[in-house]
Amino acid sequence: MLLDLFASANDKAKQDAAPLAVRMRPKDFAEFEAQHHIVGEGSLLRRAIEADRLQSMILYGPPGTGKTTLAEIVAQQTKARFVSLNAVMAGVKDIKAVVTEAENELTYYGRKTILFIDEIHRFNKAQQDALLPFVEKGVVILIGATTENPMFTVNKALLSRSRIFQLHPLPQDAMKRLLHRALTDTDKGLGQYRAQVDPQALEHIIQVAGGDARSALNALELAVLTTAPGGDGNRHITLEIAEQAIQRRRVNYTKDGDEHYDVISAFIKSIRGSDPQAAIYWLARMLYAGEDPEYIGRRLLISAAEDIGLADPAALGVAVSAVQAFERLGMPEGRIPLAQATIYLALAPKSNSAYLALDAALQAVEQGTDDGVPNHLRDGSSGGMERLGLGRGYLYPHDYPNHWVDQEYLPEGLQGQCFYHPSTQGEEKKLAQVWQERRSGGERSRS
């Protein structure tokens with residue numbers, strides 16, 4: 001009895017000493033915020049956990065999105081033996097020890113072993129290879145957690161035997177519920193401190209945390225514990241205290257407010273105006289404020305096509321590569337290719353000729369008479385259509401010098417219409433010069 005009491009007191013002391021993010025970790029799905037796409041009611045993973053029918057899996061997502069929490073919920077609900085390793089500290093020797101015990105459990109007691117490996121991307125190839133045969137034979141059910149894209153950091157053979165579940169940053173409403181629960185919980189949370197947090201302060205912590213629940217809870221705990229109670233016994237958490245706790249200054253920016261539209265407008269106009277200094281500043285301001293990098297990437301793609309266009313056809317490829325690089329890297333490294341693309345686009349020659357040409361052509365379609373396709377351009381290659389004369393008279397450009405021949409491609413009612421007016425910038429100047437020389441030569445041949 002005395003030993004039981006001592007153990008209980010020791011456990012309570014450990015819980016009290018643990019960071020708020022650990023104390024507030026959900027114990028079941030009722031408390032688990034967000035990630036409904038993988039653990040919502042009726043989802044595949046939720047059913048597998050509740051039925052204790054788990055297969056090997058990789059949990060992939062940014063820090064503080066619930067990977068370890070989800071593993072602990074599995075530990076609470078499964079009848080299997082649950083073992084946890086951290087890849088930073090564990091090696092092949094630790095893996096072999098776990099596997100030996102797992103084989104014994106399976107052989108003598110018919111009990112499965114779930115092996116949770118946090119930060120599995122830190123295992124080298126030899127360590128991952130050591131796991132492979134035992135995952136394949138079902139000796140252990142692997143749950144790996146990683147913040148890095150597993151397609152590039154986890155052994156392909158191991159991936160083929162696992163299912164990947166991606167966790168997303170927590171949305172702001174879920175973060176708000178989580179922080180309110182922490183402020184009011186008198187057992188595991190901060191309820192006993194009677195903290196009163198200004199709405200702006202709470203919003204700032206949520207915004208800067210960027211969907212990372214651990215970061216937000218740690219900042220909230222620091223703010224509350226370092227603030228002395230007032231005369232009424234309450235601890236008043238202001239915006240200034242919140243900024244100090246999360247170590248970032250609040251910038252005048254809200255994702256659904258005027259600043260969102262004004263700053264992105266300034267960003268695009270700086271690129272269009274070929275000012276790399278301003279463009280990189282507005283990019284930094286958006287990233288600092290927690291703007292969605294995917295949104296920034298889409299704006300870079302639009303700018304490359306709309307404002308640079310044919311003056312530098314490579315610009316669109318640079319923007320596409322930056323967006324794809326961000327998708328693979330995530331934050332914080334993913335912001336570097338975004339910066340590279342921003343500076344490249346700002347320095348690139350500018351042309352909106354393709355954008356204007358499309359607008360003019362769309363206007364012609366909208367207002368036109370919907371003339372049919374000229375006979376010589378119609379498809380006469382299938383279904384015996386050539387017998388009807390379709391396609392007759394078409395001149396195959398590859399049969400002529402320089403792979404070009406003068407012939408009409410527009411409908412009859414639009415012949416002579418000019419939609420595209422090339423600029424004299426960058427590569428487009430060279431492309432347009434060849435086109436104009438062909439046109440003038442063709443007009444002379446017709447005359």
Side-chain angles (χ1 to χ4, degrees), residues 19-78 80 82 84 86 114-121 141-151 153-154 159 162-182 185 188-189 202 205-220 255 290 292-295 326-331 334:
L20 178 65
V22 174
R23 302 199 308 272
M24 292 302 299
R25 192 165 273 162
K27 301 300 182 188
D28 53 39
F29 288 118
E31 295 181 349
F32 195 75
E33 289 289 356
Q35 314 307 346
H36 300 301
H37 61 293
I38 60 170
V39 292
E41 194 73 45
S43 65
L44 174 68
L45 182 55
R46 175 82 170 264
R47 296 199 312 272
I49 293 171
E50 291 176 339
D52 204 5
R53 294 286 186 178
L54 279 180
Q55 296 180 345
S56 291
M57 70 182 78
I58 304 292
L59 302 176
Y60 160 50
T65 52
K67 300 182 293 297
T68 303
T69 298
L70 188 52
E72 291 196 358
I73 290 176
V74 170
Q76 294 287 335
Q77 299 209 5
T78 185
F82 190 91
S84 179
N86 189 298
I114 295 174
L115 173 59
F116 173 63
I117 301 180
D118 200 8
E119 300 190 80
I120 191 172
H121 60 275
I141 299 168
L142 173 67
I143 301 180
T146 175
T147 56
E148 305 292 330
N149 191 330
M151 302 303 293
T153 57
V154 177
L159 278 181
S162 309
R163 191 177 181 91
I164 298 174
F165 292 98
Q166 185 172 7
L167 286 77
H168 303 308
L170 271 65
Q172 290 198 5
D173 58 343
M175 293 279 280
K176 190 173 290 186
R177 288 194 299 270
L178 183 62
L179 296 187
H180 276 303
R181 192 161 68 240
D185 190 321
K188 300 179 296 182
L202 196 68
I205 290 174
I206 291 170
Q207 189 173 351
V208 172
D212 182 339
R214 186 185 300 109
S215 175
L217 286 167
N218 288 343
L220 182 66
K255 292 184 182 180
D292 182 1
E294 291 184 6
Y295 172 74
F326 176 82
E327 289 172 352
R328 292 186 176 189
L329 294 173
M331 290 291 276

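Considering every non-hydrogen atom in both Gly64 and Arg214, the closest pair reads N-NH1, 3.4 Å. Pro19 and Asn218 get closest at one heavy-atom pair: CB-OD1, 4.1 Å. Closest heavy-atom contact between Thr147 and Tyr60: O-CE1, 3.8 Å. Closest approach of Ile205 and Ala216 over heavy atoms only: CG2-O, 3.7 Å.
Between the side chain of Ser56 and the main chain of Ser162, no donor-acceptor pair closer than 3.5 Å is present. The backbone N or O of Thr65 lies less than 3.5 Å from a partner atom in the side chain of Gln35, making a donor-acceptor pair.
Every residue was checked against the side-chain hydrogen bond (donor to acceptor under 3.5 Å, both in side chains) condition with Arg328, not counting sequence neighbours, and none meets it. Residues that satisfy the side chain to side chain contact (heavy atoms under 4.5 Å, CB included) test with Asp118, not counting sequence neighbours, are Thr68, Asn86, Phe116, Ala145. Listed by chain and residue number, Glu31, Phe32, Thr69 satisfy the side chain to side chain contact (heavy atoms under 4.5 Å, CB included) test with Pro26 (two or more places apart in sequence, or in another chain). In this structure, the side-chain hydrogen bond (donor to acceptor under 3.5 Å, both in side chains) partners of Glu119, at least two apart in sequence or on a different chain, are Arg122. A search for ring-ring contact (aromatic ring centres under 6.0 Å, His included) contacts involving His37 returns His168, not counting sequence neighbours. Scored by the side-chain hydrogen bond (donor to acceptor under 3.5 Å, both in side chains) test, Thr146 finds His121 as partners (sequence neighbours excluded). Looking at residues two or more places apart in sequence or on another chain, you find a side chain to side chain contact (heavy atoms under 4.5 Å, CB included) between Ala213 and Leu170, Met175, Leu178. Taking Met331 as the reference, Leu287, Pro293, Phe326, Arg335 meet the side chain to side chain contact (heavy atoms under 4.5 Å, CB included) condition, with sequence neighbours excluded. Legend: residues meeting ring-ring contact (aromatic ring centres under 6.0 Å, His included) with His36, ordered by chain and number and at least two apart, are absent.
Atom CD of Glu148 is separated from atom CD1 of Ile120 by 13.0 Å, given to the nearest 0.5 angstrom. Rounding to the nearest 0.5 Å places CG of Leu217 at 7.0 Å from CE of Met24. Distance check, rounded to the nearest 0.5 Å: CG of Asn149 to CD of Glu327 gives 10.0 Å. Here Ile117 contributes atom CD1 and Ile58 contributes atom CD1; the two are 8.5 Å apart, rounded to the nearest 0.5 Å. In this structure, Ile49 CD1 and Met57 CE are separated by 6.0 Å, a value rounded to the nearest 0.5 Å. Annotation: the span from Phe82 atom CZ to Ile143 atom CD1 amounts to 5.5 Å, rounded to 0.5 Å.
No side-chain heavy atom of Leu54 sits under 4.5 Å from any side-chain heavy atom of Thr78. Between Asp212 and Pro62 there is no side-chain heavy-atom pair separated by less than 4.5 Å. Taking 4.5 Å as the limit, every side-chain heavy atom of Arg23 sits out of range of all side-chain heavy atoms of Asp185.
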* side chain to side chain contact (heavy atoms under 4.5 Å, CB included) between Leu70 and Leu45: does it pass, once the steps are laid out? -> CA-CA 11 Å; Leu70 188 52; Leu45 182 55; 4.0 Å; yes

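Residue pairs meeting the salt bridge (Lys or Arg N to Asp or Glu O under 4.0 Å) criterion with at least one partner in residues 39-52, sequence neighbours excluded, are Glu41-Arg46, Arg46-Glu50. Under the salt bridge (Lys or Arg N to Asp or Glu O under 4.0 Å) criterion, the residue pairs touching residues 53-72 are Arg25-Glu72, with sequence neighbours excluded.
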